[in-house]
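Let me begin by presenting the structure, written as structure tokens, before commenting on it.
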Amino acid sequence: MKRILLIVGGGIAAYKACELVRLCRKAGIGVTCVLTEGGQHFVTPMTLAALSENQVYTTLWDLKDEAEMGHIQLSRQADLVVVAPATADLLARMAGGIASDLATTLLLATDKPVLAAPAMNVRMWSHAATRRNVAQLRADGVTVLEPDEGPMACGEYGPGRLPEPEAILAAIQQALSPVEQRLVGKHVLVAAGPTHEPIDPVRYIANRSSGKQGFAIAGALAALGARVTLVAGPVTLPTPAGVTRIDVETAREMAATVDAALPADAAIMVAAVADWRVEPAAQKLKKGDAAPLLHLAQNPDILAGVAQGLRRPRLVVGFAAETERVIEHAVAKRTRKNADWIVANDVSGDVMGGEANAVHLVTAQGVESWERASKVDVARRLAERIADAL
Ligand code: CTP
């Protein structure tokens, strides 16, 4: 079993460390927690002990047997040291090589890779001192994740939120079993999620796409070292580690954003793009005002536009969500849209929004039917195939 040493710093995001411990245990990763003094103001050692099913360490002086279980030992028996949340203070002490408590002593004594997930106020994150410390840590080989952007506990808005526990887990898994970086130097464009086509200021046309498959593909490609631009329709999923995400709302916005992101070595169009739009009413429509809905206009076909355009990526992959004659439709779609591959899936069941997917990969060589697997596993397999093709 792989093991991590999790250092929980003193910030409001410390509560998310509890969820991270739970996810790690569920994923079969052993966790030993170290709680800083600040961290103890937000979560208790008891909570982390219960979730990690392991003793929690809080001070340099509570290690029972210094000869057997000294801090050097503690810092080295894990495969990876994770700091989450990494506060501005912890990052500063790490960058400066200061060993003023158990956490920073372990960080200085370890011979294992270190991954830090920062969380702090937006101004603290953008402060020159923090910028300098993060740059120094990265130069020293520490993996410092980018914080998420959004509303903060302190009432401000911006980058500084702890990445979602799922994203931290993905980064941990990657660090624990590094995959061969086969896509370094390649730029891959992924479009994912649904689009929303406004009807009036309060209504829109949508579909059941969850974005999960596309996000998993973006994450799997980034894990292989690709530079990934993820053009995402309106979904609330966490951004996979190492992925540059651009949020869009409508099909036309998605088309323009995809176009602006070219050139790319590959484009993977997983998005469930709305085929139609209406001219949105300026004011909220009343019950009797259904007229605009009768004037559906065709949206641009983004996949066909990319596959038939002048800056066509070397590999263009489309998806085909079908409820009947899945393979037949996909084969026709591949030729019609000038795509290299179509990944076809039967969405007559629970696939849209679900966690698993059974797909058929349609290429010029024929059709491969893959056994039903989790969307994450489908993504990993597809990313490997993309790496083979580039
Ligand atoms: N797609 C796109 N732009 C659109 C519609 C679809 O880029 N306006 C892409 C999707 O991202 C997907 C592929 O085309 O990769 C298949 O989408 P689908 O809606 O199934 O295909 P359609 O061309 O709309 O075919 P049909 O109407 O027969 O379903």
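Just so you know, ligand 1 is whichever comes first in the structure, and atom 1 is the first atom listed for that ligand.
- Protein heavy atom nearest atom 14 (O) of ligand 1, with residue, atom name and distance: K337 NZ, 2.8 Å.
- Residue, atom and distance of the protein heavy atom nearest to atom 12 (C) of ligand 1 are F319 O, 2.9 Å.
- A salt bridge is absent between D289 and K286; no separation between the charged side-chain nitrogens and carboxylate oxygens falls under 4.0 Å.
- By the neighbour-count criterion of 12 heavy atoms within 6.0 Å, atom CZ of F42 is densely surrounded, having more than that number from other residues, nucleotides or ligands.
- A salt bridge between R161 and E149 is absent, with no side-chain N of the basic residue lying under 4.0 Å from a carboxylate O of the acidic one.
- Taking every non-hydrogen atom of G318 and a distance limit under 4.0 Å, the qualifying atoms of ligand 1 come out as 15 (O).
- Residues T104 and D101 bring a donor and an acceptor atom of their side chains to less than 3.5 Å of each other.
- Between R381 and E384 there is no salt bridge, since no side-chain N of the basic residue sits under 4.0 Å from a carboxylate O of the acidic one.
- Taking every non-hydrogen atom of K333 and a distance limit under 4.0 Å, the qualifying atoms of ligand 1 come out as 16 (C), 18 (P), 20 (O), 21 (O), 25 (O), 26 (P), 29 (O).
- The residue A272 has no part lying near ligand 1, judged by heavy-atom distances below 4.0 Å.
- Between V270 and ligand 1, a contact under 3.5 Å exists for no N or O pair.
- Between the side chains of N299 and D275, not a single donor N or O lies within less than 3.5 Å of an accepting N or O.
- Classification of K333 and E322 as a salt-bridged pair holds, one side-chain N sitting under 4.0 Å from a carboxylate O.
- The closest approach between a heavy atom of R336 and any atom of ligand 1 is below 4.0 Å.
- Contacts between H329 and ligand 1, counted as non-hydrogen atom pairs separated by less than 4.0 Å, are absent for every part of the residue.
- By the 3.5 Å distance cut-off applied to N or O atoms, D275 is counted among the residues near ligand 1.
- Closest approach of V278 to I199, counting heavy atoms only: CG2-CA, 3.9 Å.
- In this structure, of G305, A271, A321, the residue bringing a heavy atom nearest to atom 10 (C) of ligand 1 is A271.
- Here is the list of ligand 1 atoms found below 4.0 Å of a heavy atom in L303: 2 (C), 7 (O), 9 (C), 13 (C), 14 (O), 15 (O).
- Of the polar atoms of I302, at least one N or O is found under 3.5 Å from an N or O of ligand 1, judged by distance alone.
- On a distance-only criterion, P300 and ligand 1 share at least one N/O pair closer than 3.5 Å.
- Here the side chains of D111 and S75 are not in contact, with every heavy-atom distance at 4.5 Å or above.
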